[in-house]
K.L.:
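Quick one: structure below, then a few questions.
If you're wondering where the values come from, they're calculated on a predicted model, not measured in any experiment. Atoms considered below: every heavy atom in the structure, side chains included; atoms not considered: hydrogens, waters and symmetry mates.
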Amino acid sequence: MGDKLSRVALVSGGSRGIGRAAVLRLAQDGHDVAFCYRSDADAAQALEKEASELGVRVLAVRADVTDAQAVRGLAERTEDELGPIDVVVTSAGITSDNPLLLMTDEQWHNVLDINLDGVYHVCRAAIFAMMKRKSGCVINVSSVAGVYGNARQTNYSASKAGIIGFTKALAKEAGPYGIRANVVAPGFIDTDMTSTLQGGVKDRALKSIPLGRMGRADEVADLIAYLASDRAAYITGSVFQIDGGITI
Ligand code: NAD
């Protein structure tokens, strides 16, 4: 890894966790990178500075992925200021856990709106220009919960399984236009998302990971960068688990 590319990447949910690591990793590989964030302008600014010190152009845009118009604006600004989008990475996502019996409609819709509609909005905003140019690459971040299901996460698991179906359909539809679409499905990764888990839940999860530890955001970003590169030129419609073996 490490070939300099001079391509443009767009990352959703870039200011934190896996999205943030992807911004830095893609910048290291020579991509100019635009990323959106929902609320933390300070974190976004700090990342913009850190990534641009790697010698690429970086653009941070406040945009909520549930807002189709804001996402279209994000894609337009990216193309205007950085150039045609070559790589799309969707990392924006949330959890809001409850057993189905206690799940509120708000929890259900909030998770589906951000995790699944958000992916639709970002891909929809970028796809036309990619199809016109007959090249591009989409990497959607799902979860092992979308492959195997997690108790207390019917909403999250449904949204992440939806991303897998969406991406496979997109791979078939856009493949003839030279566009690849793949899914990265992380297991238990050490980010703010998992930092709120109670000790007992964390301990139980750790015991079921053959590699005996949580994954790191930069390890997921390495996989994303590989899929974005020409070394993955014949890979499309695939789901890549990165989970330390938790699902074996
Ligand atoms: P995180 O909470 O650290 O980061 C999530 C990012 O998404 C944040 O930057 C947040 O601002 C952004 N975001 C949330 N809602 C948004 C919205 N409406 N509009 C724009 N941005 C929004 O979490 P993370 O662990 O980095 O998760 C990144 C992705 O990886 C998520 O899709 C998550 O479901 C997935 N994932 C994480 C793990 C894990 O263990 N951490 C495991 C599997 C999958």
K.L.:
Between R16 and D40, does the side chain to side chain contact (heavy atoms under 4.5 Å, CB included) criterion hold? Intermediate values first, please.
P.N.:
CA-CA 9 Å; R16 234 169 63 176; D40 193 345; 5.8 Å; no
K.L.:
Just by distance, do the side chain of D29 and the backbone of H31 share a donor-acceptor pair under 3.5 Å?
P.N.:
no
K.L.:
Could you tell me whether a side-chain N or O of T236 sits under 3.5 Å from a main-chain N or O of A181, the two making a donor and an acceptor?
P.N.:
yes
K.L.:
Could you list all the salt bridge (charged side-chain N to carboxylate O under 4.0 Å, His left out) pairs where at least one residue sits in residues 141-170, not counting sequence neighbours?
P.N.:
none
K.L.:
For the atom pair CZ (R216) and CG (D222), what is the distance rounded to the nearest 0.5 Å?
P.N.:
8.5 Å
K.L.:
For N140, what residues pass the side-chain hydrogen bond (donor to acceptor under 3.5 Å, both in side chains) criterion, not counting sequence neighbours?
P.N.:
T90, T167
K.L.:
Return the minimal non-hydrogen interatomic distance between A228 and L26, and the atom names on each side.
P.N.:
CB-CD2, 4.0 Å
K.L.:
Please list, one pair per line, the donor and acceptor atoms closer than 3.5 Å that link side chains of residues 124-137 to other protein atoms, with sequence neighbours excluded.
P.N.:
| unit_1 | atom_1 | unit_2 | atom_2 | d |
| --- | --- | --- | --- | --- |
| R133 | NH1 | A129 | O | 3.3 |
| R133 | NH2 | I85 | O | 2.5 |

K.L.:
Between Q241 and Y148, do the side chains contain an N or O donor and an N or O acceptor separated by less than 3.5 Å?
P.N.:
yes
K.L.:
Quick one, V138 and R180 - any side-chain contact, counting heavy atoms below 4.5 Å?
P.N.:
no
K.L.:
Treating Ile, Leu, Val, Met, Phe, Trp and Tyr as nodes and any side-chain heavy-atom pair under 4.5 angstrom as an edge, say whether Y120 and V88 lie in one connected cluster.
P.N.:
yes
K.L.:
Not counting sequence neighbours, which residues clear side-chain hydrogen bond (donor to acceptor under 3.5 Å, both in side chains) with D86? List them please.
P.N.:
none
K.L.:
Could you work out, with salt bridge (charged side-chain N to carboxylate O under 4.0 Å, His left out) as the rule, every residue matching E81, not counting sequence neighbours?
P.N.:
R77
K.L.:
Are V220 and V144 grouped together when hydrophobic residues (ILVMFWY) are joined by side-chain heavy atoms under 4.5 angstrom apart?
P.N.:
no
K.L.:
Where the side chain of H121 meets the backbone of V65, is there a donor-acceptor pair that is under 3.5 Å apart?
P.N.:
yes
K.L.:
Please say yes or no: joined through hydrophobic side-chain contacts below 4.5 Å, possibly via intermediate residues, are V71 and V89 part of one cluster?
P.N.:
no
K.L.:
Is a salt bridge present between D203 and K207, judged by a nitrogen-to-oxygen distance below 4.0 Å?
P.N.:
no
K.L.:
Please check: side-chain N/O of N182 versus main-chain N/O of G237, any donor-acceptor pairing under 3.5 Å?
P.N.:
yes
K.L.:
Compare every heavy atom of S15 with every heavy atom of L47, then report the nearest pair and how far apart it is.
P.N.:
CD2-CA, 4.2 Å
K.L.:
What is the distance from atom CZ of R231 to atom OH of Y226, rounded to the nearest 0.5 Å?
P.N.:
7.5 Å
K.L.:
Evaluate salt bridge (Lys or Arg N to Asp or Glu O under 4.0 Å) for R25 paired with E219, printing each intermediate quantity in order.
P.N.:
CA-CA 10 Å; R25 187 66 183 77; E219 292 173 316; over 6 Å; no
K.L.:
Measure the CZ-CD1 distance between R204 and I209 for me, rounded to the nearest 0.5 Å.
P.N.:
13.0 Å
K.L.:
Check the side chains of Q107 and N155 for a donor-acceptor pair under 3.5 angstrom, ignoring hydrogens and angles.
P.N.:
no
K.L.:
Taking only distance into account, with no hydrogens and no angle test, what donor-acceptor pairs under 3.5 Å do side-chain atoms of residues 183-191 form with protein atoms, sequence neighbours excluded?
P.N.:
| unit_1 | atom_1 | unit_2 | atom_2 | d |
| --- | --- | --- | --- | --- |
| T191 | OG1 | M193 | N | 3.2 |

K.L.:
Step by step, would you call K49 with E53 a salt bridge (Lys or Arg N to Asp or Glu O under 4.0 Å)?
P.N.:
CA-CA 6 Å; K49 184 167 177 292; E53 280 163 5; 3.1 Å; yes
K.L.:
Taking side chain as C-beta onward, heavy atoms only, is I163 less than 4.5 Å from L116?
P.N.:
yes
K.L.:
Between CZ of R57 and CD of E48, what distance do you get to the nearest 0.5 Å?
P.N.:
12.5 Å
K.L.:
Should L170 and I139 be regarded as members of a common hydrophobic cluster, given that ILVMFWY residues are connected when their side-chain heavy atoms come within less than 4.5 Å of each other, either directly or indirectly?
P.N.:
no
K.L.:
Starting from the C-alpha separation in whole Å, work towards a yes-or-no answer on salt bridge (Lys or Arg N to Asp or Glu O under 4.0 Å) for D32 and R7.
P.N.:
CA-CA 6 Å; D32 293 323; R7 290 179 180 164; over 6 Å; no
K.L.:
Carefully, step by step, assess R38 and I114 under the rule side chain to side chain contact (heavy atoms under 4.5 Å, CB included).
P.N.:
CA-CA 11 Å; R38 186 168 53 169; I114 293 174; 3.6 Å; yes
K.L.:
Taking it one step at a time, do I224 and V141 satisfy side chain to side chain contact (heavy atoms under 4.5 Å, CB included)?
P.N.:
CA-CA 9 Å; I224 291 171; V141 180; 4.2 Å; yes
K.L.:
When you compare the side chain of N110 with that of I94, does any pair of heavy atoms fall below 4.5 Å?
P.N.:
yes
K.L.:
As an exercise, state the distance from CZ of F240 to OG of S142, rounded to the nearest 0.5 Å.
P.N.:
13.0 Å
K.L.:
What's the spacing between L74 CG and C36 SG if we round to 0.5 Å?
P.N.:
5.5 Å
K.L.:
Check T154, T95, N115, D117 against S159 for a side chain to side chain donor-acceptor pair (under 3.5 Å) and give me the one that passes.
P.N.:
N115
K.L.:
Taking C-beta and beyond as the side chain, do F35 and S91 meet within less than 4.5 Å on heavy atoms?
P.N.:
no
K.L.:
Is there a path of hydrophobic side-chain contacts, each under 4.5 Å between heavy atoms of I/L/V/M/F/W/Y residues, joining V23 to L227?
P.N.:
yes
K.L.:
Taking all non-hydrogen atoms of both residues into account, name the closest pair between A161 and G146 and its distance.
P.N.:
CB-O, 3.3 Å
K.L.:
Is there a donor-acceptor pair closer than 3.5 Å between any side-chain N or O of E79 and the backbone N or O of P84?
P.N.:
no
K.L.:
Is the backbone of Q153 close enough, under 3.5 Å, to the side chain of N150 for a donor and an acceptor to pair up by distance?
P.N.:
no
K.L.:
To check you understand the geometry: which heavy-atom pair defines the closest contact between G244 and P210, and what is its length?
P.N.:
O-CD, 3.3 Å
K.L.:
Closest approach of V111 and S96, non-hydrogen atoms and distance?
P.N.:
CG2-CB, 3.6 Å
K.L.:
I246 and A205: which non-hydrogen atoms are nearest, and at how many Å?
P.N.:
CD1-O, 4.2 Å
K.L.:
Would you check if the side chain of D230 reaches a backbone N or O of A233 as a donor-acceptor pair within less than 3.5 Å?
P.N.:
no
K.L.:
Can you confirm whether V11 sits close enough to V33 that some side-chain heavy atom of one is under 4.5 Å from a side-chain heavy atom of the other?
P.N.:
yes
K.L.:
Do L59 and L82 come close enough that some side-chain heavy atom pair is under 4.5 Å?
P.N.:
yes
